[in-house]
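Nothing here was measured: the structure is a model prediction, and the numbers come from that model.
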Amino acid sequence: MTTPARTRVAPSPTGDPHVGTAYMALFDKAWSRKTGGQFVLRIEDTDRNRLVEGSEQQIYDSLRWLGLDADESPEVGGPHAPYKQSERLDTYRPFVEKLIADGHAYYCWCSGERLAQMRAEQQASKQADTGYDRLCLGMTREQRAELPGFSETPVVRMLIPDDLPLSFHDLIRGEVKAPRPDDQVILKADGFPTYHLAVVVDDHLMGITTVVRGEEWISSTPKHLLLYKWLGWQMPDFAHMPLLRNTDKSKISKRKNPAARLLWFREQGYLPEALRNFLQLLAYPPADGEQEVSSFDDFVDGFDWAKVSTVGPIFDVKKLDWLNGVYIRSLPADQLADRIVSYGLESGQWSQIPEGGRELVRAATPLISERLVTLAEALPKLQFFFTPDDQLVINPVAVSKLKDHAAEVLAAAEQTLRQLDDWTTAAIHEALNTALVDGMALKPKFAFAPVRVAITGEQVSPPLFESMEILGKDSSLARIARLKDEL
Ligand code: GLU
């Protein structure tokens, strides 16, 4: 039996959440579930210049939307609260003091200008060693103040030893090598810890056993392992996930691909369960005989780090479209209708639910669900139900495609339907068939096209007779009469 894993996702609230955050959270949650442990959400907000207002709330909301909410977080609390680094500043300081006292870290008073100048000189002389030159190492404040490029507020740097191990074990990759690090700053001049210190201290204090994060952090891991060693703490396991890639194999970024934004999926009308399934498929393709459509529980059951590929998975939205359709059609019609209504309100397609709107959407959803790819497409397809008869927009292209006898067809349709008492799909169909196909010797295609344009304003629409039943007799007749008069 594996020991219960405590995992965490640790996003920085620097903009609207990246789809990668959800990808990490999926693995965190799956591994914690598989082992009977817990999944923690920690907000890493020590980089004060990059904070974006509202971003933190978006992280909570979008993970909850995806069903990837954490067991412990700033929102729900937990035994290791606070879970936001800016509220833990007092926590880090004693560890910095200890590292300094033990000779593992030192103050550095070099000003930004001096560091820039040092870097420029290193570059000009094509020096192989481009890290911090350790000017301040071993100096007191007074000694350093005598020299140029002195700043009143020092930072604290790690003293990286020469014999630092540069390889480590990764759950996905096996043995991994990383480049030699610089004397990393761990405490900034503003008194805030850098990511590197805070991540180690918090992962330790929060009892994290498995660190799941993007492969861009591989190069930082030797520094982190060194901090664990210096502080005498047990090291967690590491799983560095491959970065998601665009179909052209480039790294997925919010600048180049709208789908890099987690909120995009919700805005576009994807179902959270479809997106989650899609992210599951990115981890590793299903083995022979395994289903592509699989629940989170299935994913947890079959979860195995060894199966995760190290090649960046391609983020192909076409696959997601397909999955979304599968999930849409697996929902009971009323549930789908309610999601369509919620989406309409959330996206601004509707400012409020029109009178009788929910019932109408429930009645009409079965007419459109077969071809629906996203929730966003639903209300526009159903718009004609909600428009007053005299305001229905009749697409001129649809009108121009009608044959010359369209007005006569509409007159005959109006006449037969006016006498129809049994306003049901089957009866409407039969009445129109008798009057137009039999009575006027028209092919069904030509017989019904004018009626369709009159009722829906378009050449292509949800099934016509069903739509007329839902719309009701009065509206249907009013629309037929209106187009007849306009032709
Ligand atoms: N705050 C880091 C990020 O947003 C977390 C990296 C990690 O998981 O260690 O990428």
**Request:** Can you run down the salt bridge (Lys or Arg N to Asp or Glu O under 4.0 Å) pairs that involve residues 304-314, sequence neighbours left out, and say none if there aren't any?
**Result:** none
**Request:** State which residues pass salt bridge (Lys or Arg N to Asp or Glu O under 4.0 Å) with E458; sequence neighbours excluded, sorted by chain then number.
**Result:** none
**Asked** Taking 4.0 angstrom as the limit, do R8 and D202 come out as a salt bridge?
**Response** no
**Message:** Testing the basics here: between L205 and F95, what is the closest heavy-atom pair and its distance to 0.1 Å?
**Reply:** CD1-CE1, 4.3 Å
**Asked** With a 6.0 Å cut-off on ring centres, are W305 and F303 close enough?
**Response** yes
**Item:** Pairs satisfying salt bridge (Lys or Arg N to Asp or Glu O under 4.0 Å), at least one member in residues 136-156, at least two apart
**Value:** R141-E152
**Presence of salt bridge, E44 and R42, under 4.0 angstrom** = yes
**Request:** With sequence neighbours left out, write down each residue that passes salt bridge (Lys or Arg N to Asp or Glu O under 4.0 Å) with D301, or none if nothing qualifies.
**Result:** none
**Message:** Is the terminal nitrogen or CZ of K34 (NZ for Lys, CZ for Arg) located under 6.0 angstrom from the six-membered ring centre of W31 and within 45° of that ring's axis?
**Reply:** no
**Asked** Please, which pairs that meet salt bridge (Lys or Arg N to Asp or Glu O under 4.0 Å) have at least one residue in residues 49-65, sequence neighbours excluded?
**Response** D47-R50, E56-K84, D61-R64, R64-E75
**Prompt:** For the rings on F265 and W65, is their centre-to-centre separation under 6.0 Å?
**Reply:** no
**Prompt:** For E370, which residues count as a salt bridge (Lys or Arg N to Asp or Glu O under 4.0 Å) partner, sequence neighbours excluded?
**Reply:** none
